[in-house]
Amino acid sequence: MEKAEKIEKAEPDYKIGRELFSESEISRRVKTLAGQVVSETKGRDLLVVGILNGAVIFLSDLIRRMPAELDAKIDFMSISSYGNATQSSGAVRILKDVNSDIEGRDVLIVEDIVDTGLTLSYLLNIMYTRKPASLRTCVLLDKREKRQVEVKVEYCGFVIPDVFVVGYGLDYGGKWRHLPSICELDSI
Ligand code: IMP
């Protein structure tokens with residue numbers, strides 16, 4: 001079952017609440033993150049792998065902050081996690097794999113949010129078996145207090161408390177990905 005779908009079935013009555021991060025705050029932070037990624041990329045090539053659908057907007061802003069001298073390529077994966085309505089089991093099914101061979105490449109995984117860490121850690125284990133030269137992760141949001149497994153996050157946009165958020169790629173039951181800012185979800 002898709003993650004967003006699980007949430008919608010469990011809690012149907014929500015509306016957009018308080019804005020946590022405005023468009024301009026996000027834009028400044030994304031620019032800084034891109035600068036860090038570029039300065040710590042040793043070679044001239046970088047394969048940026050976005051996790052669909054949530055990371056699409058973040059990835060597209062992030063790569064446009066990378067200079068032309070860096071040969072940045074993009075690819076995407078789509079995954080679905082197994083679990084019940086409120087908890088991901090951490091087992092991940094790959095719905096769409098990357099098109100590229102990542103062996104020997106410098107890879108940057110771009111994800112919207114890390115919560116328990118189960119999904120990302122499972123995904124990283126799969127990617128490591130493919131022998132990339134390096135594997136780093138860049139997440140827009142980190143709900144650090146919810147972490148159940150340790151997961152390596154090199155670049156993080158914002159650490160947030162345990163609240164459900166939508167906008168800038170993040171959804172609730174498929175809705176509100178297109179909001180330009182990041183907002184909390186409120187019950188009606
Ligand atoms: P984890 O395996 O618990 O770390 O799950 C991370 C995934 O849960 C993310 O990729 C999102 O799809 C989803 N998720 C967790 N928290 C939120 C949220 O606040 N808003 C939208 N999606 C969320």
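Indexing begins at 1, ligand by ligand and atom by atom, following the structure's order.
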* **Sub-3.5 Å N/O-N/O distance, Leu170 and ligand 1** => no
* Mark the output for Lys146 as yes if a heavy-atom distance to ligand 1 is under 4.0 Å, and as no if none is. => no
* Should the heavy atoms of other residues, nucleotides or ligands under 6.0 Å from NZ of Lys131 be counted, would the total exceed 12? -> no
* Asked: Is there a nitrogen or oxygen of Val114 sitting under 3.5 Å from a nitrogen or oxygen of ligand 1?
  -> no
* Asked: Do Ile74 and Leu59 come within less than 4.5 Å of each other through their side chains, counting heavy atoms only?
  -> yes
* Asked: What atoms of ligand 1 come closer than 4.0 angstrom to any heavy atom of Val165?
  -> 18 (C), 19 (O), 20 (N), 21 (C)
* Ile113 near ligand 1 by a heavy-atom separation under 4.0 Å -> yes
* To do: Assess the side chains of Ser181 and Glu19: does a donor N or O sit below 3.5 Å from an acceptor N or O?
  => yes
* **ligand 1-proximal atoms of Glu111, by part, heavy-atom distance under 4.0 Å** => side chain
* Among the heavy atoms of Gly54, does any lie under 4.0 Å from an atom of ligand 1? -> no
* Min side-chain heavy-atom separation Phe76-Val49 under 4.5 Å -> no
* Asked: Looking at Asp71 and Lys73, does any basic side-chain N land under 4.0 Å from a carboxylate oxygen?
  -> yes
* Could you say whether the N/O atoms of Thr119 and ligand 1 ever approach to under 3.5 Å? => yes
* Structure fact -> Within the 4.0 Å heavy-atom cut-off, what Val163 brings close to ligand 1 is backbone
* Using distance alone, with no hydrogens and no angle criterion, decide if Tyr168 and Asp112 have a side-chain donor and acceptor under 3.5 Å apart. => no
* Structure fact -> Under 4.0 Å from one or more heavy atoms of Lys143, ligand 1 contributes atoms 16 (N), 17 (C), 18 (C), 19 (O)
* Look at Glu154 together with Lys152 and state whether they make a salt bridge at an N to O cut-off of under 4.0 Å. => yes
* To do: For ligand 1, indicate whether the residue Asp171 contacts it via side chain, backbone, both or neither (heavy-atom separation under 4.0 Å).
  => backbone
* Asked: Cut-off 3.5 Å, side chains only: do Arg65 and Thr32 have a donor facing an acceptor?
  -> no
* To do: Give the numbers and elements of all ligand 1 atoms closer than 4.0 Å to a heavy atom of Asp112.
  => 9 (C), 10 (O)
